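Along the sequence shown, residues are numbered consecutively beginning with 1. Note that the structure is a prediction, hence the values are computed from the model and not measured. No hydrogens, no waters, no symmetry mates; every other heavy atom, side chains included, goes into these values.
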Amino acid sequence: MSLKSCNKVDTNRSQLEIEISGEEFEKALEAAYRRENKKIMIPGFRKGKAPRAFVEKYYGENIFYEDAINALYPDALDDAIKAAGIEFVEDKIDFELVSAGKDGLVFKATVTTKPEVTIENYKGIAVTKKPVSISEEDVDAEVKKVLDRNSRMVTVEDRAAQKDDIAVIDFEGFVGDTAFEGGKGENYSLTLGSGQFIPGFENQIVGHKTGDEFDVNVTFPEKYQAEELAGKEAVFKVKLHEIKVKELPEFDDEFVKDVSDFDTVEAYREDIKKNLTEAAEKRANDEVENQMVDKLVELVQAEIPEAMYENRINDDIRDFGYRLQSQGLNFETYLKYTGMDANSIRASFRPQAERQVKVRLALEKIAELEAIKPTEEEISAEYDKIAKAYEMDVENVKKMIAEEDLAKDIAVEKAAGIVRDALAITETAEKAE
């Protein structure tokens, strides 16, 4: 194969003229003849026994051209694209046969390519970062969550229901003398003051004791999901079976030993503060990263072919499908549950795809401008890292991921590091949550 020419014929469209030698073409024709001859009938010969010259004379000398071209075309096109130093981004290729015969094969292929990209001022991008400061009140709040997770429910019998108690009730609702659908429950656990029920309901349970039977009078909101009840007055017949309270454990050294690897309250609180600080620092850094990406998306200049967005959407939808499968769902079931169709799901992935494509192009261009070339050691280390993460043999990883593609990924990450290290960061007054 030899690349005769590569010419840009439109925005992001290049036409390659490719020549295959007569010797290569002849080998492909002979291979096509051997594959197809067993199906061919020629008068005077048994099926599959006619010499190639007779077959070509009987059916025409170009009978095997299409099969031969189809066999040669993929590798020839790949080699030509590499020789031209371009990257194509779409499987749709316009093919034009120029000539074919004893002297060889010449064809033209028009492909969609990656766009020409420009980017400036990517160093010194201005971003803001929230300061990280964890207070004792933050630690207290986390301790409260731990105590809450380890709490137990205790039945109260010596007093009336209070706010924040859990009341176990039977209830049935009536508008006039008619019970309405969905207004009945038995042994329902209701946290008083939680706002689970319509306004006024929970407050009227407060003050009642276990065993009490009483009416709760309410008015449904004007904008209520059940239109037939909206704005109407109702009476609920209620029986209070049980009052429960949440009993929290004592926060002491013994509790700490039970729920952690620490021996004292002080050590446990220090560990909580450390973990909260790390989590807050990560959130603050993630927000800085998002600002950086947003700015790169703004800075990149390119006429991006639609095919790149569509390819990215396809990849994202495929990954989403894998995640659904891991949860025991298939894509069709998900669409049914959400009321979406294929077009609407693609539209929902569009903004994310555009952002991913633009930032990738930006970082690839920065890698080019900064002359980033990953070393063999870096590529080898990345293969080892992937193999370890997926518990695979490194040789199998190499079969799955081409070294050229892995090198590009490493270069892109290093380019992101250059931009990141040059950020102009201003700390805000607002604390990171």
Are F197 and F171 an aromatic pair by the rule of ring centers under 6.0 Å? yes
When the ring planes of Y73 and F107 are compared, do they come out parallel, tilted or perpendicular, using 30° and 60° as the limits? tilted
Is the CZ atom of R34 crowded by more than 12 outside heavy atoms at less than 6.0 Å? no
Spacing of CD belonging to E87 relative to OG1 belonging to T112, to within rounding of 0.5 Å: 13.5 Å
Check step by step if salt bridge (Lys or Arg N to Asp or Glu O under 4.0 Å) holds for R346 and E310. CA-CA 9 Å; R346 291 188 71 82; E310 292 298 317; 2.5 Å; yes
Assess the side chains of T264 and E266: does a donor N or O sit below 3.5 Å from an acceptor N or O? no
Hey, what's the ring geometry for Y224 with F220, parallel, tilted or perpendicular (30° and 60° as the breaks)? tilted
In Å and rounded to the nearest 0.5 Å, what is the CD1 to CD1 distance from I205 to I169? 4.0 Å
So, do V106 and I18 sit near enough that their side-chain heavy atoms are less than 4.5 Å apart? no
Examine distances only and state if a side-chain atom of N7 and a backbone atom of V9 form a donor-acceptor pair shorter than 3.5 Å. no
For Y383, does the six-membered ring have the charged nitrogen or CZ of K398 within the cation-pi criterion, i.e. under 6.0 angstrom from the centroid and within 45° of the normal? yes
Could you check whether atom CG of D409 has more than 12 heavy atoms from other residues, nucleotides or ligands sitting under 6.0 Å from it? yes
Gap between atom CG of L363 and atom CD1 of I372 - 0.5 Å precision: 9.0 Å
May I ask you to decide if the ring planes of Y268 and F262 are parallel, tilted or perpendicular, using 30° and 60° as cut-offs? tilted
Using a 6.0 Å cut-off, check whether atom CG of D261 has over 12 heavy atoms from anything other than its own residue. no
Is it the case that atom OH in Y390 sees more than 12 heavy atoms from other parts of the structure closer than 6.0 Å? no
With side chain to side chain donor-acceptor pair (under 3.5 Å) as the test, would you mind laying out the steps for E332 and Y337 before giving the verdict? CA-CA 9 Å; E332 290 70 25; Y337 285 162; over 6 Å; no
Walk me through whether K163 and N203 qualify under side chain to side chain donor-acceptor pair (under 3.5 Å). CA-CA 8 Å; K163 186 176 178 294; N203 290 341; over 6 Å; no
S21 and E24: side chain to side chain donor-acceptor pair (under 3.5 Å), yes or no, with the steps? CA-CA 5 Å; S21 69; E24 288 180 276; 3.3 Å; yes
Got a sec: does the NZ of K365 have more than 12 other heavy atoms crowding it under 6.0 Å? yes
Taking the six-membered ring for Trp, is the centroid-to-centroid distance between F64 and Y59 below 6.0 Å? no
Would you say K114 has more than 12 foreign heavy atoms packed within less than 6.0 Å of its NZ? yes
Step by step, would you call E233 with T219 a side chain to side chain donor-acceptor pair (under 3.5 Å)? CA-CA 4 Å; E233 294 182 354; T219 300; 4.5 Å; no
Below 4.0 angstrom, N of the basic side chain to O of the carboxylate: do E306 and K92 qualify? no
Would you please say whether a donor-acceptor pair under 3.5 Å links the side chains of T113 and R13? no
To the nearest 0.5 Å, how far apart are CD in Q301 and CG in L361? 13.0 Å
Cut-off 3.5 Å, no hydrogens considered: what does the side-chain donor-acceptor table look like for residues 316-328, sequence neighbours left out?
from, atom 1, to, atom 2, distance (Å)
D316, OD1, R312, NE, 3.2
D316, OD1, R312, NH2, 3.0
D316, OD2, Q352, NE2, 3.0
R318, NH1, D315, OD1, 3.1
R318, NH2, D315, OD1, 3.3
S326, OG, R323, O, 2.5

Distance check, rounded to the nearest 0.5 Å: E227 atom CD versus Q225 atom CD? 10.5 Å
Does the N70 side chain pair with the main chain of E66, one donor and one acceptor, at a distance under 3.5 Å? yes
Just wondering, are more than 12 heavy atoms of other shown residues or ligands nearer than 6.0 Å to CD in E61? no
Atom NZ of K8 with >12 non-hydrogen neighbours under 6.0 angstrom: yes
For a salt bridge (Lys or Arg N to Asp or Glu O under 4.0 Å) check, start with the C-alpha distance between K244 and D165, then their side-chain angles and the critical distance, and finish with the verdict. CA-CA 6 Å; K244 296 180 179 180; D165 287 349; over 6 Å; no
Verify whether one side chain among Q356 and Y309 offers a donor that lies under 3.5 Å from an acceptor in the other. no
Give, for atom CG of L296 and atom CD1 of I366, the distance between the pair rounded to the nearest 0.5 Å. 5.0 Å
D286 and N290 side chains, donor-acceptor separation under 3.5 Å: no
